[in-house]
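This chain uses plain numbering: 1 for the first residue, then up along the sequence.
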Amino acid sequence: MLFKGRCSTLGPLETMKVKRHWNERNRLMLTLELAVVLPAAALVILGALHLKSIQRDRGVQAAFQRDFNQVLVIAEKQINRKAFELTDDVQEQFPSAGRACAETMDRILATHPYIAHLWVYDPDKGLTFRSQPTRLKDPVFRTEAEAFSSMMVGWMKIEGMSTTKELQEMGKKGRHYSFSNRAPRGDKWAYQSAVLFLTGDSTGGHKAVGGMAFDAEYLRDQLFPEALSAVLNYQEEKGEKNHVVLMLHHRYEMTPLATSPGWDGGTPEVERNIEGAFPGLTLAIKLPGTTLAAMEQRFVRTSFIILGAISLLLAGGLVLTHRNISREMALAKLKSDFVSNVSHELRTPLSLIRLYAETLEMGRLRSQEKCQEYYCIIRKESERLTALINNILDFSRIEAGRKEYDFRETDMRELVHNTLDSYRYQIEQNGFAFEEKIAEDVPPMRVDREAMARSLLNLVNNALKYSQDRKFIGVNLFRDNGSVKLEVVDHGIGIPVQEQHKIFEKFYRVGDPLVHNTKGSGLGLSLVRHIVRAHGGEVLVDSAPGRGSKFTIALPVNPPRANGARTATA
Ligand code: ADP
């Protein structure tokens, strides 16, 4: 794009150069794509595929369900342990077979309020059944006691012997015999569980079946809720991050029998049927306020968003890198053009100086006028050389951050006039109409005289270089409100609008064949802008192709303090 105007006029050498430039750029881009883009794209694609598989296999839910199952196993163990501790305590105090009587059983009941009924079945004596005396006044409880005792009478009569054998077998394996009962509560019923155990005499020969039934209200209001809370506390102590809630219900009924704090209803995520002390009950677990499906959906959505953001960042980074590489390559090309331009610019005046000096040295020139003309050419060419070298030196100082300005109180009118004076001859020699307008009211300014003169010369020199048939140069100096303006006007080739902001960049030259055929380094305007900005001003261009250009240096009458210092380093 930079040199599009020149394409039609490129020679074979330049075509080769442009091709090389493109090859280098493509090589860099390819390296970048292979080294960065491919691995990054592979990572993003793999991430997306992984997320898809999580979504398809419900991976998040499965992981949580495994965890939840663990919690339920712990809860089941805790509930059973608590129940069997209570049972063992009663069993230890239970009178041995044959000695069980109503008084001893009532004593046990009195000290163990969590028991509703206590009984012993002796094949010789039959069933001794006692219920919690304090609760017998309650007709509902009494109905429960009567129903329970008649159930036990019937059971033991028919299956007493076989139950004894079964209890013996289970005892050997260290297991308890539990069963559940529906305790009547009006037209409803309450969950109750009971335990059977063997009780023997001291000789170990005579066996009887003892049993106890948990109080239904104690289970519902104390044992179950406390056990569920204990499990959650244990989870928290372990540092589990996901807060879960637990519930206990009858296997075939979803109404909660007991819940942990925070239970908010809804469908449980995982369930586990309790085995052991509380047959017929099911433990359930869920997350409060959300479901695993919703959590998984959120996780996958967030992950996709993050992946998308990473991809965008990558794409952005790629575009930036691409732009940087293009810019660096363009700069490298501008620099190489600069070297060849400068060498060319140096060679021409040098060979002219040598040629004319040699001619003079040989003494072949007879007329004094001719001699004068040659001296003049040598002087002008050496001035051109000096200007070019000064530009390059200034540029290198600026690049190295070592450019210093020497600000002094200056009569701008005088400075502009004197600078133009030394150039006037050359301007007029080149056939230019020259107009110099210096206003009276221009105040003295604090400027670096040399730098200012160089800026003006660069602008005038450009006006000379980039004019064809309509040869006119106008220089105006005037005050405009708070600033002093120095204008250099020409009727030359002009500059396309889209190029106008670029011409102040270092090494930049408009891609026009007319410019291409004119000697130049692309440094002049970048220096002018630097110098003017160091003075707190700005340089502007107003131009149209074929109609000419106007460059304006605008300097503030009262420059900012930093620029008003005697010396400033750029
Ligand atoms: P150089 O003249 O050495 O190429 P400059 O930095 O002085 O470098 O100018 C940069 C470019 O701006 C020039 O190459 C030319 O294309 C354009 N330019 C500058 N001044 C004029 C002008 N007066 N008329 C037309 N084009 C100009």
Side-chain angles (χ1 to χ4, degrees), residues 11 338-394 411 413-438 449-477 486-493 509 513-524 527-528 548-549 551:
F338 164 77
V339 171
S340 70
N341 282 339
V342 166
S343 325
H344 190 69
E345 274 220 70
L346 287 174
R347 206 182 307 131
T348 319
L350 275 177
S351 36
L352 278 177
I353 292 170
R354 212 169 101 194
L355 177 77
Y356 286 103
E358 274 173 8
T359 316
L360 284 169
E361 195 182 31
M362 280 187 248
R364 288 206 195 128
L365 294 178
R366 302 254 164 78
S367 85
Q368 188 56 32
E369 255 176 45
K370 244 327 181 220
C371 285
Q372 275 305 321
E373 189 189 328
Y374 280 22
Y375 286 137
C376 182
I377 292 172
I378 290 173
R379 180 179 56 79
K380 275 194 299 185
E381 289 305 316
S382 55
E383 271 170 13
R384 237 176 85 187
L385 264 181
T386 314
L388 177 66
I389 289 167
N390 278 341
N391 267 1
I392 295 170
L393 284 178
D394 260 6
D411 181 349
R413 304 171 67 244
E414 205 180 292
L415 177 80
V416 170
H417 183 74
N418 290 345
T419 310
L420 290 174
D421 240 12
S422 60
Y423 222 64
R424 194 183 306 271
Y425 177 72
Q426 192 182 338
I427 296 171
E428 281 164 4
Q429 275 270 304
N430 282 300
F432 275 79
F434 183 54
E435 195 179 274
E436 181 185 320
K437 283 189 198 160
I438 297 180
R449 292 174 196 172
E450 203 189 318
M452 243 339 128
R454 193 164 303 147
S455 299
L456 176 59
L457 283 185
N458 264 306
L459 293 182
V460 171
N461 196 27
N462 279 351
L464 267 176
K465 284 199 294 184
Y466 303 113
S467 292
Q468 286 187 305
D469 318 329
R470 300 191 308 137
K471 298 187 175 211
F472 169 82
I473 295 179
V475 176
N476 309 319
L477 179 72
L486 178 59
E487 286 176 355
V488 178
V489 185
D490 66 56
H491 294 167
I493 60 173
R509 306 196 77 213
L514 291 172
V515 175
H516 182 56
N517 295 331
T518 315
K519 288 169 215 150
S521 58
L523 287 183
L527 281 177
V528 173
S549 313
F551 283 87

Residue pair L415, L456: steps toward the side chain to side chain contact (heavy atoms under 4.5 Å, CB included) verdict: CA-CA 10 Å; L415 177 80; L456 176 59; over 6 Å; no
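Contact of the L388 side chain with the L523 side chain is not registered, since no non-hydrogen atoms from C-beta on lie closer than 4.5 Å. With a 4.5 Å cut-off on side-chain heavy atoms, I378 and L360 count as touching. Side-chain contact between N462 and V488: absent, with no pair of heavy atoms (C-beta onward) separated by less than 4.5 Å. Side-chain atoms of R454 and N391, non-hydrogen and from C-beta on, do get closer than 4.5 Å to each other. Side-chain contact between T359 and R364 is absent, with no heavy-atom pair separated by less than 4.5 Å. Contact of the L459 side chain with the L486 side chain is not registered, since no non-hydrogen atoms from C-beta on lie closer than 4.5 Å.
Closest heavy-atom contact between L365 and C371: CB-SG, 3.9 Å. Of all heavy-atom pairs between T518 and R509, the closest is O-NH2, 2.9 Å. Heavy-atom minimum distance, F551 versus S549: CE1-CB, 4.0 Å.
Enclosure of atom CD in Q429 by more than 12 non-hydrogen atoms of other residues, nucleotides or ligands within 6.0 angstrom is indicated. The environment of CD in E428 is crowded: more than 12 heavy-atom neighbours from other residues, nucleotides or ligands sit within 6.0 Å.
Here the CD1-OG distance, from I377 to S382, works out to 11.5 Å after rounding to the nearest 0.5 Å. Separation of atoms OG (S343) and CG (L350) is listed at 11.0 Å; rounding is to 0.5 Å. Summarising the geometry, atom CD belonging to Q468 is positioned 6.5 Å from atom CD1 belonging to I493; distances are rounded to the nearest 0.5 Å. Rounded to the nearest 0.5 angstrom, R449 CZ and M452 CE are separated by 12.5 Å. Atoms OG1 and CG, from T419 and L457 in turn, are 6.0 Å apart once rounded to the nearest 0.5 Å. Residue L464 holds its CG atom at 4.0 Å from CD1 of I473, rounded to the nearest 0.5 Å.
Residue pairs that meet the salt bridge (charged side-chain N to carboxylate O under 4.0 Å, His left out) test with at least one member in residues 371-381, sequence neighbours left out, are K370-E373, R379-E383, E381-R384. Applying the salt bridge (charged side-chain N to carboxylate O under 4.0 Å, His left out) rule to pairs touching residues 457-476 yields nothing, sequence neighbours excluded.
Applying the ring-ring contact (aromatic ring centres under 6.0 Å, His included) criterion to Y423, with sequence neighbours excluded, gives no partner residue.
Judged by distance alone, the side chain of D490 and the main-chain N or O of G548 form no donor-acceptor pair under 3.5 Å.
Between Y356 and Y374, the two ring planes are perpendicular [angle over 60°; tilted spans 30° to 60°].
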